[in-house]
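Structure, as structure tokens:
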Amino acid sequence: FDGVQKKFEYKMRLVYAHFPINATITNGGKTVEIRNFLGEKRVRTINMLEGVKVEKSTGTKDEIIITGTDIDCTSRSAALVRQSCLVKDKDIRKFLDGVYVS
């Protein structure tokens, strides 16, 4: 009974070279706000799907943990966080900043 007894979990790391990415969990674990991605002023707000919670990792720096009972909603929420921090108009081989599933 995966998902019900033992929830599905995605660990995501905030990877940056120069500008430290700041992730803030709001709305009781239902929303992630990502700030200072590549030094941009824009705040990226990602709402988690139904039944998915997000929290900051206590042991590891720059890591968020996405958990939920439904594997589809949990993985889609992780994909939304990943897609919100894509590097545009730059060489993606050089600019490796972003949020990655670890």
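In what follows, residues are counted from 1 in the order of the sequence shown.
- In this structure, CZ in F19 is found 9.5 Å from CG in D97, a value given to the nearest 0.5 Å.
- Using a 4.5 Å cut-off between side-chain heavy atoms of Ile, Leu, Val, Met, Phe, Trp and Tyr, with links allowed through other members, V54 and L80 fall into the same hydrophobic cluster.
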Distance-only donor-acceptor hits, side chain of residues 37-52, under 3.5 Å, sequence neighbours excluded:
residue	atom	partner	partner atom	Å
E40	OE1	R44	NH1	3.0
E40	OE1	R44	NH2	2.8
R44	NE	S84	O	2.7
N47	OD1	T31	OG1	3.2

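- With values rounded to the nearest 0.5 angstrom, Y100 atom OH is found 13.0 Å from R13 atom CZ.
- Judged as a salt bridge (Lys or Arg N to Asp or Glu O under 4.0 Å), and not counting sequence neighbours, R76 has no contacts.
- One distance of note links CD1 of I66 with CD of E55; it measures 10.5 Å at 0.5 Å rounding.
- By the 4.5 Å heavy-atom criterion applied to side chains, V101 and K11 are not counted as neighbours.
- The OG atom of S77 sits 10.0 Å away from atom CE of M12, with the distance rounded to the nearest 0.5 Å.
- The environment of I92 atom CD1 is sparse: at most 12 non-hydrogen atoms of other residues, nucleotides or ligands sit within 6.0 angstrom.
- Ion pair R35/E33 flagged as a salt bridge, since at least one NZ, NE, NH1 or NH2 atom sits closer than 4.0 Å to an Asp/Glu carboxylate oxygen.
- A distance-only check finds no donor-acceptor pair linking the side chain of T74 to the backbone of F8 [under 3.5 Å].
- The structure places CD1 of I64 at 10.5 Å from CG of D62, a figure rounded to the nearest 0.5 Å.
- Between E63 and S57, the side chains place a donor N or O and an acceptor N or O closer than 3.5 Å (distance only, hydrogens not considered).
- Proximity of a side-chain donor or acceptor of K53 to a complementary backbone N or O of G28 within less than 3.5 Å is detected.
- In this structure, the side chains of N36 and I21 stay at 4.5 Å or more apart for every pair of heavy atoms.
- Under the 4.5 Å side-chain heavy-atom criterion for grouping Ile, Leu, Val, Met, Phe, Trp and Tyr, L86 is not connected to V32 through any hydrophobic cluster.
- For D91, the side chain to side chain contact (heavy atoms under 4.5 Å, CB included) criterion is met by R93, K94, not counting sequence neighbours.
- Atom CG of residue L14 and atom CD1 of residue I34 lie 6.5 Å apart, to the nearest 0.5 angstrom.
- The backbone N or O of G29 lies less than 3.5 Å from no partner atom in the side chain of N27, so there is not a single donor-acceptor pair.
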